[in-house]
Amino acid sequence: MKRFLALAAVLGLSVSATGSIAAPTTYDGILFPEGDVSFADEVVSTTPGSPAPTAGTFLDPAEALGPPDYSNPNGSFSLGRGGEIVVKFTDNSLTGSGSAAADLHVFEVGPDVEDTLVAISQDGINWLDVGQIDGGTQSIDIDTYLIAASLDVFTKFSFVRLIDVAGEGGQSGTTVGADIDAIGAISSAAPVNTVPAPGAAVLMISGLFGLAMVRRRKTLV
């Protein structure tokens, strides 16, 4: 395993919490060490706001999943005034960093600044409020909230809930409410109740070694 980690480092790659190879990615200046695996994968539920958005290209909650990909006129999900969305990480989980570094990042797009209340959960039933994003793209350090709740800062969470702040921002329009493009775990861990399988990573050693040798040959030529 040490040899595997060393080879990954030489190639500028990282090993994710699940034991797989991850290429770090940066979106809007925010580094996600585990790459695109860091983003929410599944829509659990939505509660339409009132009034609800009417623009057809902003009504699909799946637009809030995966890496940020907003491109006008589509690519995000409008919550509606006071609306809600709950998403789940399936191939990773959100955790704290053990420091003041940001752990969770919400990509909210559009010309109107629309605030959103944020909560996280291990089971999708019991929720821990972790503050509010004030429109735009914004990060949250969840460690402070975990400590206040007497939880270990490395507790793993699978669910994130966003609720549009009804009294803020535009109160009507075709895309009323916060417009969510992506939700990413900057501090990412293995999925809840899942133990990384180092054996799977070891199987990649030969491939990594071969790639390293090819790069070395190119450098020597």
Side-chain angles (χ1 to χ4, degrees), residues 25-32 35-94 102-121 123-142 145 157-186 188:
T25 55
T26 300
Y27 294 99
D28 286 354
I30 305 300
L31 175 65
F32 292 87
D36 288 349
V37 75
S38 308
F39 295 91
D41 307 289
E42 176 184 319
V43 176
V44 176
S45 66
T46 61
T47 302
S50 181
T54 57
T57 53
F58 293 87
L59 300 180
D60 183 2
E63 294 288 1
L65 303 178
D69 59 358
Y70 176 73
S71 178
N72 192 36
N74 54 23
S76 69
F77 173 62
S78 296
L79 298 183
R81 183 172 177 268
E84 170 187 313
I85 185 172
V86 176
V87 298
K88 183 179 181 181
F89 299 103
T90 60
D91 53 9
N92 71 312
S93 63
L94 167 69
D103 306 300
L104 174 68
H105 194 83
V106 178
F107 292 81
E108 195 273 332
V109 301
D112 193 13
V113 176
E114 295 161 307
D115 296 351
T116 308
L117 300 174
V118 184
I120 58 178
S121 174
D123 56 11
I125 299 173
N126 301 293
W127 294 92
L128 174 65
D129 293 327
V130 292
Q132 174 177 315
I133 61 167
D134 300 320
T137 56
Q138 189 169 346
S139 300
I140 296 176
D141 172 21
I142 71 171
Y145 300 94
F157 297 86
S158 295
F159 301 87
V160 175
R161 182 182 68 195
L162 303 178
I163 301 176
D164 176 73
V165 177
E168 189 277 334
Q171 302 299 295
S172 62
T174 57
T175 60
V176 62
D179 310 302
I180 309 303
D181 180 25
I183 303 161
I186 301 173
S188 181

Applying side-chain contact (heavy atoms from CB on, under 4.5 Å), can you list everything that pairs with [X], at least two apart in sequence or on another chain?
X    : result
T46  : V43, P61, F77, I85
T47  : E84
D60  : A62, E63
D123 : S121, I125, N126

For [Y], is there any backbone N or O sitting under 3.5 Å from a side-chain donor or acceptor partner on [X]?
X    : Y    : result
D141 : A102 : no
R81  : A166 : yes
S188 : A185 : no
E114 : G177 : yes
D179 : E108 : no

Under a 4.5 Å cut-off applied to non-hydrogen side-chain atoms, are [X] and [Y] in contact?
X    : Y    : answer
E42  : F89  : no
D28  : F107 : yes
L104 : I186 : no
S76  : V109 : yes
F159 : I120 : no
L162 : V118 : yes
W127 : V86  : yes
T116 : I163 : no

| task | Using the six-membered ring wherever Trp is involved, compare the ring planes of Y70 and F58 and label them parallel, tilted or perpendicular (cut-offs 30° and 60°). | result | tilted

Set of residues satisfying side chain to side chain donor-acceptor pair (under 3.5 Å) with respect to [X], sequence neighbours excluded:
X    : answer
D41  : T90
D181 : none
S45  : none
Q132 : D115, D134

| Mind checking what makes ring-ring contact (aromatic ring centres under 6.0 Å, His included) contact with Y27, not counting sequence neighbours? | F39

| query | Taking only residues two or more places apart in sequence or in another chain, which ones pass salt bridge (Lys or Arg N to Asp or Glu O under 4.0 Å) with D36? | reply | none

